[in-house]
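This report concerns only the one structure given below.
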Amino acid sequence: MPFLLEKGAEIPNDKIAHDHEALIEELKKLDAVANDIVQKKGLHCGAAIANLKSKVPKLLQHLKEHLLEEETKMPGPIRANVTQEENTECINKLMQAGGIEGLHTELPGVMVAAQEWATDEFYPQFLHEIPPPMIQLANDIFIPNYRNIHCAKRDAPTMTTHPEWTEIPFDPSMLPPPPPAASA
C-alpha cells in the first residue's frame with residue numbers, strides 16, 4: 001500500500017490499511033500464545049491451547065473479509081499505478097529473496113491465494129510472470145506440500161481430527177540452471 005500511495009494512487013477507503021494494522025496485531029497475539037505453548041512443549045498448556053483455538057476462527061474470518069475487500073477494491077488502483085515491468089520486478093524479487101526454501105514455502109501460498117481471490121482474467125496474467133519451471137514445481141510439489149503441511153498447521157487449532165502429514169520430497173537439483181549473467 002505505501003508503494004501505491006507514493007505513486008498517487010487513490011485507495012478506495014482507509015479500512016484496508018487499518019485492517020492491515022489490526023491483522024498484524026491479531027497475529028502478534030496468536031504468535032505470543034503459540035510461542036508460549038512451544039516453549040512449554042505443550043505441557044500444562046490446556047488453557048493456552050483453548051485460548052488459541054478460540055482466536056483462530058476470528059482471525060480466519062477477518063482475513064477472508066479483508067482479502068475479499070482487497071481483491072474487489074484494489075485491482076483498479078493497482079492496474080492504474082503499477083506497470084507490467086514493476087509487477088514483473090516485484091515477482092522476481094519475491095522469488096529470489098527467500099532462495100529455494102522461500103520458494104518452497106512462500107510461492108505456493110501466493111499462487112493459491114491468487115487462484116482463490118484473483119479474477120479469472122488476472123490469474124493467467126499472474127502465472128505468465130512466473131517462469132514455467134517454477135509453475136511446474138509449484139503444481140507438482142510446492143502446492144501439494146503447502147496444502148498437506150502448512151495449511152494443516154494453520155488449521156490445527158480448529159481441526160477435530162488428526163491431519164495427514166504427507167510431504168512430497170523436494171530436491172533443489174530439480175530446479176533449472178540459472179540463466180547466464182548478462183555481460184556488460
Side-chain angles (χ1 to χ4, degrees), residues 1-5 9 11-78 90-91 94-95 97-98 101-123 126-127 130 135 137-168 170:
M1 292 272 267
F3 173 75
L4 291 174
L5 293 172
I11 306 301
N13 64 39
D14 289 338
K15 184 178 182 314
I16 292 172
H18 291 294
D19 274 356
H20 283 180
E21 294 168 14
L23 285 165
I24 288 169
E25 286 305 310
E26 285 179 53
L27 287 168
K28 285 179 182 177
K29 289 176 186 174
L30 288 175
D31 188 54
V33 173
N35 281 330
D36 186 47
I37 294 168
V38 169
Q39 291 297 318
K40 294 177 181 176
K41 298 184 177 174
L43 299 174
H44 311 292
C45 295
I49 292 170
N51 182 16
L52 190 62
K53 281 181 93 167
S54 72
K55 292 179 189 264
V56 170
K58 177 185 170 201
L59 172 70
L60 292 176
Q61 183 61 37
H62 191 175
L63 273 171
K64 285 179 183 179
E65 291 168 2
H66 174 75
L67 291 172
L68 180 61
E69 185 162 12
E70 274 191 350
E71 291 299 324
T72 55
K73 295 183 179 173
M74 293 306 296
I78 291 170
C90 180
I91 290 170
L94 287 171
M95 287 177 36
E101 188 57 32
L103 280 176
H104 193 189
T105 59
E106 302 301 325
L107 181 61
V110 171
M111 287 179 69
V112 169
Q115 193 172 30
E116 289 178 10
W117 294 98
T119 63
D120 291 339
E121 298 81 31
F122 176 77
Y123 189 67
F126 167 77
L127 288 181
I130 300 172
I135 293 174
L137 279 172
N139 288 332
D140 293 350
I141 297 172
F142 298 166
I143 291 174
N145 285 347
Y146 169 77
R147 289 194 167 119
N148 294 337
I149 306 295
H150 301 286
C151 290
K153 288 180 181 179
R154 176 201 66 201
D155 298 339
T158 60
M159 296 176 95
T160 56
T161 61
H162 193 330
E164 298 273 336
W165 301 79
T166 55
E167 183 170 15
I168 300 168
F170 168 64

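The distance from atom CG of Asp31 to atom CG of Asp36, rounded to the nearest 0.5 Å, is 11.0 Å. Atom NZ of Lys41 is separated from atom CD of Gln39 by 9.0 Å, given to the nearest 0.5 angstrom. Here the straight-line distance linking atom CG of Leu59 with atom NZ of Lys29 works out to 11.5 Å at 0.5 Å rounding.
Pro108 and Tyr146 make their closest contact through CB-CB, 3.6 Å (heavy atoms, listed as atom of the first residue, atom of the second, distance). Shortest non-hydrogen contact noted between Gln115 and Arg147 is OE1-NH2, 4.2 Å. For Cys45 against Ile37, the heavy-atom pair with the smallest separation is SG-CA, 4.0 Å. Nearest heavy-atom pair across Ala138 and Pro144 is O-CD, 3.6 Å.
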Inset, instruction - Show your reasoning for whether side chain to side chain contact (heavy atoms under 4.5 Å, CB included) applies to Phe126 and Met111. - result: CA-CA 9 Å; Phe126 167 77; Met111 287 179 69; 4.1 Å; yes

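In this structure a side-chain-to-backbone donor-acceptor pair under 3.5 Å is missing from Asn145 to Glu167.
Residues satisfying the salt bridge (charged side-chain N to carboxylate O under 4.0 Å, His left out) criterion with Lys28, sequence neighbours excluded, are Glu25. With sequence neighbours excluded, the residues forming a side-chain contact (heavy atoms from CB on, under 4.5 Å) with His18 are Asp14, Glu21, listed by chain and number.
Screening Asp140, Leu107, Leu127, Ile143 for a side-chain contact (heavy atoms from CB on, under 4.5 Å) involving Ile135 leaves a single residue, Leu127.
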